[in-house]
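Structure first, then comments.
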Amino acid sequence: MVQSTLISNSIVIKYVAGIKADGKDLYKNLKLNNIRTAIKDEDLFAVGTAIMSLMGGNAVDLGKTLEYSLMEK
């Protein structure tokens, strides 16, 4: 049997970083690592939206990334 253990939690903010040569928006991701693994989604959302508000309207999406370790029992 295999067991998964959450080892890392990250906030990912997608934002407009500029304009491409064809006139379309250029998107980049800002990834903030080492977020407490036990944080509630509501708290993570509050932190992410607070950071997005400081980005001057360029932020367009908020997500989270989870990383797990797999071990055989």
Side-chain angles (χ1 to χ4, degrees):
M1 181 175 205
V2 176
Q3 177 182 355
S4 65
T5 304
L6 180 60
I7 58 171
S8 175
N9 197 4
S10 302
I11 294 175
V12 180
I13 299 173
K14 181 179 179 181
Y15 66 96
V16 178
I19 299 175
K20 298 180 192 176
D22 62 3
K24 294 182 181 180
D25 288 337
L26 172 66
Y27 294 100
K28 291 193 176 184
N29 290 325
L30 170 66
K31 186 174 181 182
L32 305 169
N33 298 316
N34 299 324
I35 306 296
R36 198 169 39 108
T37 57
I39 192 169
K40 295 179 184 175
D41 283 344
E42 293 81 11
D43 296 333
L44 191 68
F45 183 79
V47 169
T49 54
I51 293 168
M52 289 173 72
S53 71
L54 298 172
M55 296 178 76
N58 290 339
V60 295
D61 192 30
L62 173 64
K64 76 175 183 177
T65 301
L66 304 174
E67 184 178 345
Y68 289 88
S69 171
L70 297 175
M71 299 187 77
E72 195 168 25
K73 278 182 138 179

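As the structure is a prediction and not an experimental result, all values here were calculated from the model.
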For Leu70 and Ser4, work out which heavy atoms get closest and say how close.
CD2-CB, 3.5 Å

Hydrophobic cluster membership, with links at side-chain heavy-atom distances under 4.5 Å among I/L/V/M/F/W/Y: are Val12 and Met55 in one?
no

Run the salt bridge (charged side-chain N to carboxylate O under 4.0 Å, His left out) test against Asp41 and tell me which residues pass, sequence neighbours left out.
Lys64

Closest heavy-atom pair and its distance - Ala59, Ile13:
CB-CG2, 3.8 Å

When rounded to the nearest 0.5 Å, the distance separating CG of Asn34 from OG of Ser10 is 7.5 Å

Which residues pass the side chain to side chain contact (heavy atoms under 4.5 Å, CB included) test with Ser69, sequence neighbours left out?
Ile7, Met71

From the list Ile39, Thr65, Asn33, side-chain contact (heavy atoms from CB on, under 4.5 Å) partner of Asn9 resolves to Ile39

Assess whether side chain to side chain contact (heavy atoms under 4.5 Å, CB included) is satisfied between Tyr15 and Val60, documenting all intermediate values.
CA-CA 5 Å; Tyr15 66 96; Val60 295; 5.7 Å; no

Please examine the side chains of Ile11 and Leu44, heavy atoms only from C-beta on, and report whether any two atoms are closer than 4.5 Å.
yes

Sort and list the pairs that fulfil salt bridge (Lys or Arg N to Asp or Glu O under 4.0 Å) and have at least one residue in residues 3-26, not counting sequence neighbours.
none

Joint hydrophobic cluster, Leu26 plus Val16, side-chain heavy atoms closer than 4.5 Å
no

I want to check something: taking the side chain as every heavy atom from C-beta on, are Thr49 and Leu62 in contact at a cut-off of under 4.5 Å?
yes

What's the spacing between Leu30 CG and Ile51 CD1 if we round to 0.5 Å?
7.5 Å

